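Both counts, for ligands and for their atoms, begin at 1 and track the order of listing. Bear in mind the structure is a predicted one, so any value in this text is a computation, not a measurement. If you read the sequence from its start, that first residue is 1, and numbering goes on from there.
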Amino acid sequence: MNSIENGVSDFISLRHVTKSFETMSGDIVTALRDVSLQIPKGAFVTLLGPSGCGKSTLLRLIGGLIEKTSGDVLLGGKAVEKPTNQVGMVFQSPVLLPWRTVLENATLAADLGKLSRAEARETASRYIRLVGLEGFERKYPGELSGGMQQRVAICRALVHNPSVLLMDEPFAALDAMTRDHLQVELQSLWMAGDKTVVFVTHSISEAVFLADYMVVLAARPGRVVEVIKVDLPRPRTLDMVNSAEFGGYVSHVRGYFEAEERAA
Ligand SMILES: Nc1ncnc2c1ncn2[C@@H]1O[C@H](COP(=O)(O)OP(=O)(O)OP(=O)(O)O)[C@@H](O)[C@H]1O
Ligand SMILES: [Mg+2]
């Protein structure tokens, strides 16, 4: 079992989780097989692995959006059965409501009854500034670039102050400078609170920069191959990316992907 930290009470817990899908043509695809993963409260965990290895599936299971085929998925000791307000989710594509403005999309949580409208607007405006979208509050999603839409989706996930943040390649559509900036901001936001974050990325360097623990997955079937503790001091800065220690983590993980390519 991939226990991230022995002796720490696990907040998110997957025990022998298997998830299979039946495809339109009637075949069975095993997206995840016998995945066990224990995540302590307040940890920042990054998930890395080749396309199709089940990263999004893993997040959707934790978020209660899909049902496991077998095994246990627990959040705070309780079986996950449906989505809750405790969790904020940023999907791989932004899924904004096209008829609502940036601000209205970002304040969707208010409509779910958790925040007053005024509170939601104030918090959303703060996050909209943080992600560099000040001035776009009254625009509609169709008037924004893909990267801008993704930043609105990030605001929406944060507005109701969830204790768990599940982020599926949230920065993939962003230019390199915005991405660097948001990595630093996300780290600050996380350090200031006690959120547990599970963050999917294809960028090894992003995974190292953000993580307490990096979870490396392999495909066919999707499974955990290693959990790596990242022992770099916090707050991490962008120049640390050039350090030998940082490079050591990157090349260790890259080794897995090169081995997969050789095997393919
Ligand atoms: N609803 C579904 N129906 C059928 N198969 C699915 C479904 N969702 C996912 N799969 C399959 O499960 C596997 C894992 O998919 P998943 O989206 O979790 O991968 P991923 O690691 O997020 O990939 P990527 O990096 O490309 O986003 C894939 O083989 C995919 O085809
Ligand atoms: Mg995915």
Within the structure provided, determine whether [X] and [Y] are in side-chain contact (heavy-atom separation under 4.5 Å).
X: Arg254; Y: Tyr256; answer: no
X: Asn85; Y: Pro162; answer: no
X: Arg151; Y: Leu182; answer: yes
X: Phe199; Y: Leu47; answer: no
X: Ile128; Y: Phe136; answer: no
X: Leu74; Y: Ile12; answer: no
X: Leu97; Y: Leu108; answer: yes
X: Leu75; Y: Val164; answer: yes

Considering heavy atoms of the protein only, find what lies nearest to [atom] and give residue, atom and distance to 0.1 Å.
atom: atom 28 (C) of ligand 1; value: Gly52 O, 3.9 Å
atom: atom 26 (O) of ligand 1; value: Ser51 OG, 2.6 Å
atom: atom 12 (O) of ligand 1; value: Ala31 CB, 3.3 Å
atom: atom 31 (O) of ligand 1; value: Val29 CG1, 4.8 Å
atom: atom 27 (O) of ligand 1; value: Gln92 NE2, 2.8 Å
atom: atom 25 (O) of ligand 1; value: Lys55 NZ, 2.7 Å
atom: atom 4 (C) of ligand 1; value: Phe21 CB, 3.3 Å
atom: atom 17 (O) of ligand 1; value: Ser56 CB, 3.7 Å

Look only at interatomic distance and state if Glu22 has a nitrogen or oxygen under 3.5 Å from any nitrogen or oxygen of ligand 1.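 No; every N/O pair is 3.5 Å or more apart.
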
May I ask you to check whether Gly54 has an N/O atom sitting below 3.5 Å from an N/O atom of ligand 1?
->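 Among all N and O atoms of Gly54, at least one is under 3.5 Å from an N or O of ligand 1.
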
| Protein heavy atom under 4.0 angstrom of atom 9 (C) of ligand 1, is there one? |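 Within 4.0 Å of atom 9 (C) of ligand 1, protein heavy atoms are found.
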
When Ile228 is tested against each of Leu48, Val253, Val208, Thr46 for side-chain contact (heavy atoms from CB on, under 4.5 Å), which residue passes?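 Exactly one option meets the side-chain contact (heavy atoms from CB on, under 4.5 Å) with Ile228, and it is Val253.
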
(message) I need the single residue from Val95, Thr101, Leu96 that forms a side-chain contact (heavy atoms from CB on, under 4.5 Å) with Pro141. Which is it?
(response)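 Considering Val95, Thr101, Leu96, a side-chain contact (heavy atoms from CB on, under 4.5 Å) with Pro141 is found only for Leu96.
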
message: Strictly under 2.8 Å of the Mg ion (ligand 2): which protein N/O/S atoms qualify?
response: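 The answer is Ser56 OG, Gln92 OE1.
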
Q | Residues that Arg236 engages under side-chain contact (heavy atoms from CB on, under 4.5 Å), provided they are two or more places apart | A |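 If we apply the side-chain contact (heavy atoms from CB on, under 4.5 Å) test to Arg236, skipping adjacent residues, the hits are Gln187, Phe209, Val230, Leu232, Arg234, Met240.
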
Within the 4.0 Å heavy-atom shell around His202, which atoms of ligand 1 are there?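 It comes down to these atoms of ligand 1: 25 (O).
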
- prompt: Can Glu169 be said to touch ligand 1, with heavy atoms closer than 4.0 Å?
  reply: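 Glu169: in contact with ligand 1 (<4.0 Å).
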
Next on the checklist: With a 4.0 Å cut-off on heavy atoms, is Gly49 in contact with ligand 1?
Outcome noted: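 Checking ligand 1 against Gly49, which is what was asked, there is no heavy-atom contact under 4.0 Å.
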
Could you pull out, from Asp27, Thr57, Thr23, the option with a heavy atom nearest to atom 15 (O) of ligand 1?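 Looking at heavy atoms only, the winner is Thr57.
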
Inset, instruction - Look at the side chain of Trp190 and the backbone N and O of Gly42, then say whether any donor-acceptor pair between them is shorter than 3.5 Å. - result: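 Yes, the answer is positive, given that a donor and an acceptor are paired below the 3.5 Å cut-off.
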
| task | Could you tell me whether the side chains of Thr23 and Ser25 share a donor-acceptor contact shorter than 3.5 Å? | result |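 The criterion, which ignores hydrogens and geometry beyond distance, is satisfied for Ser25 and Thr23.
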
